[in-house]
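To keep things clear, I will list the structure first and then write my remarks on it.
It should be emphasised that the depicted structure is a prediction, and the values quoted were computed from it without experimental measurement.
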Amino acid sequence: MNSTANLGLEGVVAFETEIAEPDKEGSALRYRGVDVEELAGHVPFERVWGLIVNESLERGLPLPTPDVAPVTRSGDARVDLQATLPTLAPAWGLKQLVDIDADHARVDLARLSSAALSIVAKSLRGEQPIVPERDVAEGRTAAEQFLIRWRGDADPRHAKAIDVYWVSAAEHGMNASTFTARIAASTGADCAACLAAAVGSLSGPLHGGAPARVLPMLDAVAASGNPESYVHDLLSRGERIMGFGHRVYRAEDPRARVLRRTAQELGSPRVEVAEALEKAAIEALREKHPERPLETNVEFWGAVVLELAEIPAAITPALFACARTAGWSAHIVEQKLTGRLIRPSAHYVGPPERALSSL
């Protein structure tokens, strides 16, 4: 029997949303109608969070971020975040979504999203002495406070790099983690549980952690001094060029433009090599795959910007989770307003009816 299932759900429209519009043909990304290129580097993440969730730049994340410590010290900040978020529901007396209205949910989500930044920063700090909260409060933005809580100070270049990355990664439509958050929200679970469910989907490298795979390519190109030869050898072996192509955009990922500009403005030493590899890769991919565009995506320049902020590759998923609290929160509220339980069907393709004795 042939399956009628759409494996992977690609192209299936399951929701109507007012939150973000990834413009696949126009190479643009808009949050509530505002282009991300207008926001990144100009409006801090905590205010962009407000635009995405509350439709207001003035109703963003509460600062200073709450002093919340991770309940585990696993050595993986993403794991510590996922483990800690659900414990905040009973600790803070959070009610389930089914028992509160949308405004109440937004307040809970703002508090939880702000706490997520504290949890990740403290997880990354490890066993080092705790930074006094009065010092943390001296940070003017969420990114600065995050760095102070983590490292004890906030280098302005590092803070801007993180802030632009967070704004660029704040929301991007119906991806794996956002879908997970909406599924949890559709059950009426509390907001902490919904966010924790979304964080769990980042454990796989195909969503949120891929920038870490770009840096080794830049190292190899820098060592060889010949990006064209490097790209040719990579493709001839059937290997992927990380940071190119996207399932949504038919042209360049607009977030790549934002992050490229930031890397240039902040003086990343990788810019020259990255631009050379980008040029060589795009030309080679156009020649190899003329039928489908494979332009630069967010992972490529995201890797350069995060390295500039001295972010170890292994913690990229945790930084991504901090950013995506905005999109997750907005979708959790939007799903609550639908009042619908998400329950798709599956097409059975297993053995026909048979007796136990036949086994």
Q: Answer with yes or no whether the side chains of Gln335 and Thr338 bring together a donor and an acceptor at under 3.5 Å.
A: yes
**Q.** For Tyr31 against Leu51, the heavy-atom pair lying closest together
**A.** O-CD2, 3.8 Å
Q: Answer yes or no: does atom CG of Leu337 have more than 12 heavy-atom neighbours from other residues, nucleotides or ligands under 6.0 Å?
A: yes
**Q.** Arg324 CZ to His172 NE2 distance, which is reported to the nearest 0.5 Å
**A.** 7.5 Å
Q.
Is it true that, when you exclude Arg73 itself, more than 12 heavy atoms of the residues, nucleotides or ligands shown sit nearer than 6.0 Å to its CZ?
A. yes
Q. With no hydrogens and no angle check, is any side-chain donor or acceptor of Asp67 less than 3.5 Å from a backbone partner on Glu133?
A. no
Q. What pair of heavy atoms forms the shortest contact from Lys122 to Ala69, and how long is it?
A. CD-CA, 3.9 Å
Q. So, for Ala102 and Val333, which heavy atoms are closest and what is the spacing to 0.1 Å?
A. CB-CG1, 4.1 Å
Q) How close do Ile241 and Val231 get, heavy atom to heavy atom, and via which atoms? A) CD1-CG1, 3.6 Å
Q) When rounded to the nearest 0.5 angstrom, what distance separates CD1 in Ile183 from OG1 in Thr187? A) 10.0 Å
Q) Is any NZ, NE, NH1 or NH2 atom of the basic residue among Asp153 and Arg151 found under 4.0 Å from an Asp or Glu carboxylate oxygen of the other? A) no
**Q.** Backbone of Ala318 reached by a side-chain donor or acceptor of Arg78 within 3.5 Å
**A.** no
**Q.** Atom NE2 of His232 with >12 non-hydrogen neighbours under 6.0 angstrom
**A.** no
Q. Does Phe146 have its ring centroid less than 6.0 Å away from the ring centroid of Trp166?
A. yes
Q | Spacing of Thr87 atom OG1 and Trp92 atom CH2 [to the nearest 0.5 Å] | A | 9.0 Å
Q. Is a side-chain donor or acceptor of Ser201 paired with a backbone partner of Ala198 at a separation under 3.5 angstrom?
A. yes
(Q) Clusters formed by hydrophobic residues whose side-chain heavy atoms approach within less than 4.5 Å: which one holds Ile148, and what are its other members? (A) Val131, Val136
Q. Would Cys191 and Leu97 satisfy side-chain contact (heavy atoms from CB on, under 4.5 Å), going step by step from the backbone distance to the final call?
A. CA-CA 7 Å; Cys191 292; Leu97 274 171; 3.8 Å; yes
Q: Go through Ser177 and Leu202 one step at a time and tell me if the side-chain contact (heavy atoms from CB on, under 4.5 Å) criterion holds.
A: CA-CA 7 Å; Ser177 59; Leu202 299 182; 4.3 Å; yes
Q) Should Arg111 and Leu88 count as side-chain neighbours, where that means a heavy-atom distance under 4.5 Å? A) no
Q: State, without any angle test, whether Thr65 and Ser118 hold a side-chain donor-acceptor pair at a distance under 3.5 Å.
A: no
Q. Which heavy atom of Pro66 sits nearest a heavy atom of Ser114, and at what distance?
A. CD-OG, 3.0 Å
Q. Distance from Leu259 atom CG to Leu308 atom CG, nearest 0.5 Å?
A. 11.5 Å
Q: Answer yes when Arg286 and Glu295 have at least one side-chain N-carboxylate O distance shorter than 4.0 Å, and no when they do not.
A: yes
Q | Side-chain touch Trp328/Leu109, heavy atoms, less than 4.5 angstrom | A | no
Q: Would you check if there is a donor-acceptor pair between the side chains of Gln145 and Arg149 at a distance under 3.5 Å?
A: no
Q. Are any of the side-chain heavy atoms of Thr325 and Leu112 separated by less than 4.5 Å?
A. no
Q. Is there side-chain contact between Ile130 and Pro132, with heavy atoms separated by less than 4.5 Å?
A. no
Q. Should the pair Lys95-Asp108 be classified as a salt bridge under the 4.0 Å nitrogen-to-oxygen rule?
A. no
(Q) I'd like to check Glu21 versus Leu29 (side-chain heavy atoms, cut-off strictly below 4.5 Å). Are they in contact? (A) no
Q. Under 3.5 Å, side chain of Asp253 to main-chain N/O of Val298, donor-acceptor pair present?
A. yes
Q: Apply salt bridge (charged side-chain N to carboxylate O under 4.0 Å, His left out) to Arg140 and list each qualifying residue two or more places apart in sequence or on a separate chain.
A: Glu144
(Q) Would you say Asn175 and Thr178 are linked by a side-chain donor-acceptor pair, where the criterion is simply a distance under 3.5 Å? (A) yes
Q) Would you say the side chain of Ile162 lies within less than 4.5 Å of the side chain of Ile311, judging by non-hydrogen atoms? A) yes
Q | Pairwise side-chain contact, Tyr165 with Thr316, heavy-atom cut-off 4.5 Å (strictly under) | A | yes
Q. Is there a side-chain contact between Leu61 and Leu117 (heavy atoms, below 4.5 Å)?
A. yes
Q: Could you walk me through whether Val167 and Val43 pass the side-chain contact (heavy atoms from CB on, under 4.5 Å) test, one step at a time?
A: CA-CA 8 Å; Val167 171; Val43 181; over 6 Å; no
Q | Test item: Ser123 side-chain N/O and Ile119 main-chain N/O as donor-acceptor pair under 3.5 Å | A | no
Q. Among Arg340, Arg32, Arg182, which residue meets the salt bridge (Lys or Arg N to Asp or Glu O under 4.0 Å) test with Glu334?
A. Arg182
Q. Considering all heavy atoms of both residues, which atom of Thr296 and which atom of Ala256 are nearest to each other, and what is their separation?
A. O-CB, 3.9 Å
Q.
Between Asn54 and Ser56 (side chain of the first, backbone of the second, donor and acceptor by atom type, cut-off under 3.5 Å), is there such a pair?
A. no
Q) Do Glu138 and Arg134 meet the salt-bridge criterion of a basic N to acidic O distance under 4.0 Å? A) no
Q: Check the surroundings of atom CD in Glu18: do more than 12 heavy atoms from other residues, nucleotides or ligands lie under 6.0 Å from it?
A: no
Q: Kindly compute the distance separating CD (Gln264) from CZ (Arg270), expressed to the nearest 0.5 Å.
A: 16.0 Å
Q: Start with the C-alpha distance between Val36 and Arg30, add both sets of side-chain angles, then the distance that settles side-chain contact (heavy atoms from CB on, under 4.5 Å), and finish with yes or no.
A: CA-CA 6 Å; Val36 69; Arg30 292 179 283 272; over 6 Å; no
Q) Under a 4.0 Å N-O cut-off, is there an ion pair linking Arg47 with Glu58? A) yes
Q: Give a yes or no on whether the backbone of Val164 and the side-chain of Ser168 come within a donor-acceptor separation of less than 3.5 Å.
A: yes
Q) Between Glu278 and Trp301, is any side-chain donor less than 3.5 angstrom from a side-chain acceptor? A) yes
Q: State plainly whether the residues Glu275 and Arg260 are in salt-bridge range, i.e. N to O under 4.0 Å.
A: no
Q: Give, for atom OG of Ser268 and atom CZ of Arg157, the distance between the pair rounded to the nearest 0.5 Å.
A: 8.0 Å
Q. Does Leu81 offer a backbone N or O that forms a donor-acceptor pair with the side chain of Thr84 under 3.5 Å?
A. no
